[in-house]
Visitor: 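First, the structure itself, so that you have it in front of you.
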Amino acid sequence: MKLLSVLTVTLTAIPIVTAFPFEEFRVLEVGEGQRISVRESEKLSLLQKGIKFIDITKYDKAEQQSRSLFSFFNKKAPVPVVPVYDYPTNVSHEEIVKSLTANIDKKSMHDNLAKFTSFYTRYYKSETGFESAEWLSSKISELTSKLPEEKYEIEHIDHKDWKQYSIIVRFTGSETPENIIVMGSHQDSINLLLPSILPAPGADDNGSGTVTNLEALRLYVDHYLSTGETPRNTVEFHFYSAEEGGLLGSLDIFTQYATLQKKVVAMLQQDMTGYVSDPEDEHVGVVMDYTTSELTEFIKLIIDSYLDIPYVETTCGYACSDHGSATKNGFPGSFVIESEFKKTNKYIHSTMDTLDRLSFEHMAEHVKIVIGSIIELGNWSFE
Ligand SMILES: *[C@@H]1O[C@H](CO)[C@@H](O)[C@H](O)[C@H]1NC(C)=O
Ligand SMILES: *[C@@H]1O[C@H](CO)[C@@H](O)[C@H](O)[C@H]1NC(C)=O
Ligand SMILES: CC(=O)N[C@H]1CO[C@H](CO)[C@@H](O)[C@@H]1O
Ligand SMILES: [Zn+2]
């Protein structure tokens with residue numbers, strides 16, 4: 001991608017002198033194994049140039065400390081679990097998936113997104129970014145309130161350095177709970193001009209991903225309430241904070257999962273799911289770079305089997321969205337975006353990323369990917 005030509009530098013740290021000498025340096029990964037060091041305020045200029053990154057500052061420090069600690073005690077660091085999973089090569093639950101997706105409620109998706117974009121900005125460091133997390137949390141509680149208490153868990157991940165927390169909804173598997181399937185999206189938005197001052201409705205980027213997963217969660221709960229069926233594998237919905245700060249929220253979560261030797265067998269990210277540039281050529285974009293090919297092949301199968309529109313293969317660069325935090329920790333990650341990358345929404349990261357530019361029909365297609373993946377990967381009790 002273009003980003004590397006902008007950074008014509010070697011992999012050594014390049015300190016950039018700024019007007020804020022008191023700011024701490026951040027370590028950013030801008031490509032696999034490519035690290036640079038910049039001050040906090042420089043992150044914004046990188047994003048303005050279209051350069052995405054994983055902000056690994058915290059883990060870089062921790063890694064160095066633990067390495068010296070382990071070598072001091074002459075011990076080996078714990079080895080992360082490498083997930084092995086046989087993804088289905090054929091779908092086998094057409095009836096269930098189709099009956100569930102027939103109930104996708106576009107009106108409710110619209111209303112949720114209208115509420116979500118009404119926050120002035122969902123910038124992760126802002127007060128309204130915290131308030132939007134509170135709203136999302138109450139929405140999730142409302143959606144899950146009819147479930148028996150022992151059937152689910154809601155976890156708030158407090159990131160310490162900023163206020164907007166991430167949220168995990170967990171349905172622990174009945175027989176093989178160690179196999180974890182993650183449906184991810186990020187809740188924050190950003191205005192790249194002046195993030196702390198200007199509004200960022202962030203309808204498509206990436207409120208649409210959040211609303212896509214909320215609707216899938218609603219259908220999942222409905223399915224349980226009407227059938228009592230549960231998957232043998234664990235299913236989790238993740239709503240990450242601070243994607244726009246360099247995948248900070250998801251990195252906290254997946255690093256912790258790796259440390260706890262959890263086994264995520266599939267992670268699917270929803271981020272920008274609502275924009276259609278050419279209605280004559282409506283499709284979804286299956287991201288082929290920095291994703292896991294076996295899982296991606298399975299996702300293509302889901303699209304072919306359950307969507308009304310086709311997919312186009314596309315690329316979107318390093319650290320493109322939160323699946324990057326999963327793959328960085330050795331977990332299989334995949335990403336389906338609203339279209340081929342070059343045809344994606346041009347209004348993101350500005351005041352113009354608004355609801356009226358989005359298609360709820362298109363978002364509903366993304367919900368089908370989420371539901372299809374959960375049903376086909378969950379290894380349900382009805383099998
Ligand atoms: C899977 O589907 C393909 C074509 O759709 C079919 O030829 C094949 O027999 C199926 N395999 C199984 C194991 O059902
Ligand atoms: C699904 O669960 C059954 C019963 O526990 C097990 O035999 C099978 O291997 C599981 N399938 C996968 C793909 O893990
Ligand atoms: C990956 C993707 O397309 N999603 C958007 C969500 O957030 C980032 C912001 O950093 C955008 O660059 C992406 O385009
Ligand atoms: Zn974004």
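Counting convention: from 1, in listed order, for ligands and their atoms alike.
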Visitor: Kindly state whether the ring of Tyr220 and the ring of Trp380 have centres lying under 6.0 angstrom apart.
Guide: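 Yes - the distance between ring centres of Tyr220 and Trp380 falls below the 6.0 Å cut-off.
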Visitor: For ligand 2, find out whether one of its N or O atoms is nearer than 3.5 Å to an N or O atom of Asn379.
Guide: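 Between Asn379 and ligand 2, an N or O pair is found under 3.5 Å apart.
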Visitor: Sequence neighbours left out, what passes side chain to side chain contact (heavy atoms under 4.5 Å, CB included) with Glu282? Give chain and number order.
Guide: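 Glu282 satisfies side chain to side chain contact (heavy atoms under 4.5 Å, CB included) with Val276, Ile309, His362 only.
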Visitor: Any side-chain heavy-atom pair from Met267 and Tyr257 closer than 4.5 angstrom?
Guide: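 With C-beta onward as the side chain, the pair stays apart.
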Visitor: Please examine the side chains of Tyr59 and Asp252, heavy atoms only from C-beta on, and report whether any two atoms are closer than 4.5 Å.
Guide: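 They are in contact (side-chain heavy atoms under 4.5 Å apart), so the answer is yes.
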Visitor: Would Asn179 count as a polar contact of ligand 2, with the cut-off being nitrogen or oxygen pairs under 3.5 Å?
Guide: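 No, there is no polar N/O contact under 3.5 Å.
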Visitor: As an exercise, identify every atom of ligand 2 less than 4.0 angstrom from a heavy atom of Tyr85.
Guide: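 Ligand 2 atoms under the 4.0 Å threshold to Tyr85: 12 (C), 13 (C), 14 (O).
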Visitor: Run the numbers for me: atoms of ligand 2, each under 4.0 Å from some heavy atom of Glu175, listed by number.
Guide: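 Those atoms are 4 (C), 5 (O).
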